[in-house]
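The structure under discussion appears below in the form of structure tokens.
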Amino acid sequence: MAQQRYDPTTIEPKWQQLWERESTWQVDNDPAVAGAEAKSYVLEMLPYPSGEPHVGHLKNYALGDAIAHFRRRTGHRVLHPMGYDAFGLPAENNAIKTGVAPRVATDKSIAAYRHWFHRWGISIDWSRELATHEPAYYRWTQWIFLKLYERGLAYRKEAAVKWCPFDQTVLANEQVIDGRCERCGHEVELRQLEQWFFRITDYADRLVDDLDGIDWPENVKAMQRNWIGRSEGAEVTFRCEDWDPAHPIDYTVFTTRPDTLFGATFFVMAPEHPDVFKLVAGTEHEAPVHEYVNRALTEATETRGAADKPKTGVPLGRTVTNPVNGEAIPMYVADYVLMEYGTGAVMGVPAHDQRDYDFATAFHLPIRPVVAPAAGDAPDITQQAFTAHTDDERLINSDGFTGMDAVAGRDAIVAWLDRRDAGHASTNFRLRDWLISRQRYWGCPIPIVYCDGCGLVPVPESDLPVRLPEVEDYQPRGKSPLAAAENWVNTTCPACGGPARRETDTMDTFVDSSWYYLRYCDARNDAAPWDREVLKAWTPVDTYIGGIEHAILHLMYSRFFVKALADMDLLDVQEPFGTLFTQGMILGADGNKMSSSKGNSVAPSEIVERFGADAARCYVLFIGPPEQDAAWSDTGVEGVYRFLARLWRLGDGLAEDGTPGRPADQPPTSDGDALTLVRKANWAIEKVTNDMRGRFAFNTAIAAVMELVNEVYRHPEADVAARRFAVATAASLIFPFAPHLGAEIYEIVTGRRVWTEPWPEADPRMLVADTFELVCQVNGRVRDRVTAPTGAPREELEKLCLAASGVQTHIEGKEIVKVIVVPDKLVNIVVK
RNA sequence: GCGGCGGUGGUGGAACGGUAGACACGGCGGCCUCAAAAGCCGCUGUCCUUCGGGACGUGUGGGUUCGAAUCCCACCCGCCGUACCA
């Protein structure tokens with residue numbers, strides 16, 4: 001036994017096999033069976049299975065597992081499941097390149113992920129495992145699609161959509177980054193196509209408002225608010241009468257500043273606006289407008305969108321009438337106005353908008369201030385003036401509204417417009433409906449058929465799932481590869497029985513992952529996606545852990561799903577994820593993002609082989625605060641390995657002189673070294689517990705266990721009972737982070753299974769010593785430290801401090817003005 | 001521009017308004033060994049020192065306080081997100 005070394009390769013498989021054999025982490029849905037404790041649903045974002053897991057996964061699941069273990073041992077019934085986000089483009093693109101079918105490659109990756117989750121010792125309830133590409137799962141994805149369709153939340157329409165020419169598919173707005181496909185980086189094009197959408201805009205208000213009630217990081221909430229982009233303002237109608245006086249045309253604009261309406265001196269339309277050509281047909285402006293619009297439309301979205309680009313545009317030779325003052329203002333077409341936001345037309349108020357100011361300056365248009373601070377005269381119109389708003393702003397140059405407070409004036413102008421049917425208060429959103437069709441193979445089929453007689457017909461629920469057929473050729477050709485599967489495409493109409501064709505587009509994979517956390521609750525239910533009572537017992541997810549990269553897409557879509565399903569009376573919560581924790585990235589040792597091309601990445605498999613899963617898990621949590629990015633360090637892992645080995649040696653030493661089979665309770669009495677150890681153990685319990693409850697300060701929790709272990713080494717003479725207590729406590733506390741070693745040492749010392757033991761509680765009497773080190777300050781600077789009895793009265797502490805030699809030299813010959821006493825801590829003597 | 005978050009030793013990072021730098025890495029020294037590995041034990045913010053100690057020190061400048069890394073004001077720098085969004 002003696003001189004053996006810490007060997008994770010024998011310890012770790014032993015416990016993994018036991019947990020596997022006994023299904024240790026399985027929980028029952030029936031509360032009668034499961035026990036009546038409070039539930040806790042701990043969930044890490046499900047992985048997209050590609051190759052093997054990387055260190056980011058290791059950190060993600062190590063984090064979630066620590067929380068799951070802690071909750072279990074503090075009286076919670078914990079749901080901690082696992083699944084795979086199995087559909088998706090990379091597997092399909094890989095298939096095109098290598099010929100390996102997406103299903104084959106995906107299943108292989110899933111097997112690898114599953115293997116590593118076992119090998120890492122993550123405490124997963126495997127009875128609930130799922131993968132989104134299995135018919136048993138996507139059958140219900142289709143079912144939810146049909147429910148959304150029934151309710152009018154899934155619809156088909158022709159629209160200008162973002163098209164990736166490389167991936168040969170349309171993309172959601174959210175998947176276009178700086179005008180490029182987020183997957184492959186190719187510049188996207190606009191195409192006029194008929195596509196499926198989810199009406200997420202119906203939920204825009206609730207998606208913004210309900211952010212206030214959930215415990216999410218501020219930056220994630222801000223990103224969602226930003227993305228949804230709610231702005232309050234008004235719609236105002238400007239009438240164009242000089243195109244055809246007999247048939248005036250009304251153009252509505254959206255503005256957030258109806259208070260500045262009297263300052264409108266021109267009117268601008270987006271190049272894409274459908275009326276632009278009509279307005280100039282047959283006039284001298286026709287040629288320049290055509291030229292300008294064509295140039296604008298072909299210009300790359302990126303260069304056109306640059307905010308610092310000089311303003312360009314051409315006149316349309318028409319005017320519109322400002323409804324508030326009857327003034328005719330000239331119309332322009334300019335590319336700084338976007339068709340996809342608002343109405344595709346804006347009023348130009350150069351005195352109060354930077355962009356309008358730039359345009360007016362370039363085209364020598366009048367600039368008329370209409371809002372000014374009450375105190376001063378008309379404001380000095382400079383480029384800096386636009387953001388400077390003051391509380392006392394008043395309207396000027398605004399006819400009957402002049403002199404009104406800007407806020408009141410705004411409301412009065414809107415009301416005035418409303419009465420004349422020329423405008424009304426309005427809220428505008430940046431959020432667009434979610435485009436979910438993809439012209440690709442490896443996704444969930446959309447359960448719709450097209451019949452010549454009946455038109456668009458949903459597949460009846462009883463016919464679900466619409467299975468994804470096997471195909472040979474995955475090459476996208478502008479339409480889904482499914483279109484070539486003739487046997488599958490041709491079907492009969494569920495309504496009339498006549499010939500019909502299936503929808504060949506598949507769904508965006510974000511649809512699959514928008515509801516998987518619901519399915520985990522009742523994963524083996526064949527009759528329904530879930531039983532409502534079961535769902536009620538588990539939802540919402542209490543703690544959701546994942547990367548910040550999902551701040552908008554996945555997290556917003558999931559929130560939309562839950563709200564829509566709640567409105568259909570299918571579930572009982574309004575938000576899917578109560579607390580969200582966004583973990584930081586693990587960077588390469590050079591501080592850069594890990595990437596195979598940079599050669600700075602670390603494979604978890606290698607680390608686990610060299611140091612064991614426990615060391616790998618502890619290290620990624622010890623490296624720093626979990627929400628922060630941190631650079632990988634090889635010597636850092638070695639340090640954590642050394643710590644675990646030190647703990648193991650302590651346990652191994654006690655195997656010989658301990659009393660296995662009995663709990664290592666706190667000894668009833670101790671003194672000297674033993675007392676020091678018992679106190680340190682209690683201190684560690686207190687520290688680790690606090691660090692894990694609420695905030696997830698796992699780095700300092702692990703550091704506390706390190707301190708405890710160091711303390712045991714420093715007191716080899718302490719009696720066995722105290723050492724057993726200290727070592728068993730260390731094993732118990734490290735268990736959420738290093739479950740194998742924790743279980744092993746706890747078993748060696750006590751003969752018991754640590755995960756069935758309640759989380760230790762600190763003995764309050766052991767958290768305070770008889771004496772403490774009194775800090776003696778003079779004018780706030782530490783001048784001495786003396787030993788003082790705990791709980792001593794203020795006068796005694798003051799006396800002790802004044803007597804301290806270090807203090808004496810600094811107060812000699814000075815007048816004592818004041819003495820501050822902080823009991824059991826310090827005394828500060830203020831002298832002059 | 002706007003929004004969010006940061007700035008502490010050689011490094012990662014600790015610090016309810018109360019001993020700045022826990023813990024770890026790295027470095028230095030010692031023990032063990034024929035030697036090494038492993039392990040164990042010390043020391044390790046900077047400068048000065050008569051070796052008792054002293055001065056300075058948490059991006060910069062002010063302020064509040066007996067006492068500020070922490071709170072307030074102004075500024076500088078960095079990261080992340082977002083942006084002709086009317």
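In what follows, every chain begins at residue 1, and chains take the letters A, B, ... in the order their sequences are listed.
Considering only residues two or more places apart in sequence or on other chains, A:E218 meets the salt bridge (Lys or Arg N to Asp or Glu O under 4.0 Å) condition with A:R225. Remark: A:P258 engages A:A234, A:T255, A:R410, A:V414 in a side-chain contact (heavy atoms from CB on, under 4.5 Å) (not counting sequence neighbours).
Using cut-offs of 30° and 60° for the angle between ring planes, the A:Y6 and A:W648 rings count as tilted. Relative ring orientation between A:W434 and A:Y557 is described as parallel, the plane-to-plane angle staying below 30° on a 0-90° scale split at 30° and 60°.
Using C1' as the reference atom, B:rC84 and B:rG4 are 23 Å apart when rounded to the nearest Å. B:rG81 sits 48 Å from B:rC48 when the C1' atoms are compared, rounded to a whole Å. Remark: the separation of the C1' atoms in B:rC25 and B:rG9 is 13 Å, to the nearest Å. Comparing the C1' positions of B:rG12 and B:rC16 gives an interatomic distance of 25 Å, to the nearest angstrom. With both ends at atom P, the span from B:rA36 to B:rC32 equals 12 Å, rounded to whole Å. When the C1' atom is compared between B:rU49 and B:rA55, the two are found 11 Å apart, to the nearest whole Å.
In this structure, the CD atom of A:E218 is 18 Å from the P atom of B:rC2, given to the nearest Å. What separates CZ of A:F737 from C1' of B:rC23 is a distance of 14 Å, to the nearest Å. Between A:Y341 atom OH and B:rC85 atom C1' the separation is 5 Å, expressed in whole Å. In this entry the distance linking CG of A:L338 with P of B:rU82 reads 17 Å, nearest Å. What separates CD1 of A:I548 from P of B:rG6 is a distance of 13 Å, to the nearest Å. The nearest whole Å value for the distance from the CD atom in A:E711 to the P atom in B:rC23 is 10 Å. Per the geometry, CE belonging to A:M223 stands 11 Å off P belonging to B:rA83, to the nearest Å.
Contact annotation: A:R225 does not reach the phosphate of B:rU82 (side-chain N/O to OP1 or OP2, under 4.0 Å). The phosphate of B:rG1 (OP1 or OP2) has no side-chain N or O of A:R355 nearer than 4.0 angstrom. A close approach under 4.0 Å does not occur between any side-chain nitrogen or oxygen of A:T635 and OP1 or OP2 of B:rA24.
As judged by a 4.0 angstrom heavy-atom cut-off over every strand, A:V830 is placed among residues touching the sugar-phosphate backbone only.
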Under a 3.5 Å cutoff on both atom distances, Watson-Crick or G-U, what's the dot-bracket for RNA chain B ([ ] crossing, | other strand)? (((((((..(((.....[....)))((((((.......))))))((((....))))..(((((..]....))))))))))))....
Could you write out each protein N or O paired with an N or O of nucleotides 56-59 of chain B at a distance under 3.5 Å?
residue: B:rC56; atom: OP2; partner: A:R781; partner atom: NH1; Å: 3.4
residue: B:rC56; atom: OP2; partner: A:R781; partner atom: NH2; Å: 2.9

Could you list all N or O pairs between the protein and nucleotides 13-17 of chain B that sit under 3.5 Å apart?
residue: B:rG13; atom: OP1; partner: A:Q628; partner atom: OE1; Å: 3.1
residue: B:rA14; atom: OP1; partner: A:N699; partner atom: ND2; Å: 3.1
residue: B:rA15; atom: OP1; partner: A:R695; partner atom: NH2; Å: 3.4

Please list, pair by pair, any protein nitrogen or oxygen found under 3.5 Å from a nitrogen or oxygen in nucleotides 35-42 of chain B.
residue: B:rG39; atom: O3'; partner: A:R649; partner atom: NH2; Å: 2.9
residue: B:rC40; atom: OP1; partner: A:R646; partner atom: NH1; Å: 2.5
residue: B:rC40; atom: OP1; partner: A:R649; partner atom: NH2; Å: 3.0

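In this structure, CZ in A:F581 is found 6.0 Å from CG in A:L63, a value given to the nearest 0.5 Å.
Taking the six-membered ring for Trp and the full ring otherwise, A:F266 and A:F359 have centroids separated by under 6.0 Å.
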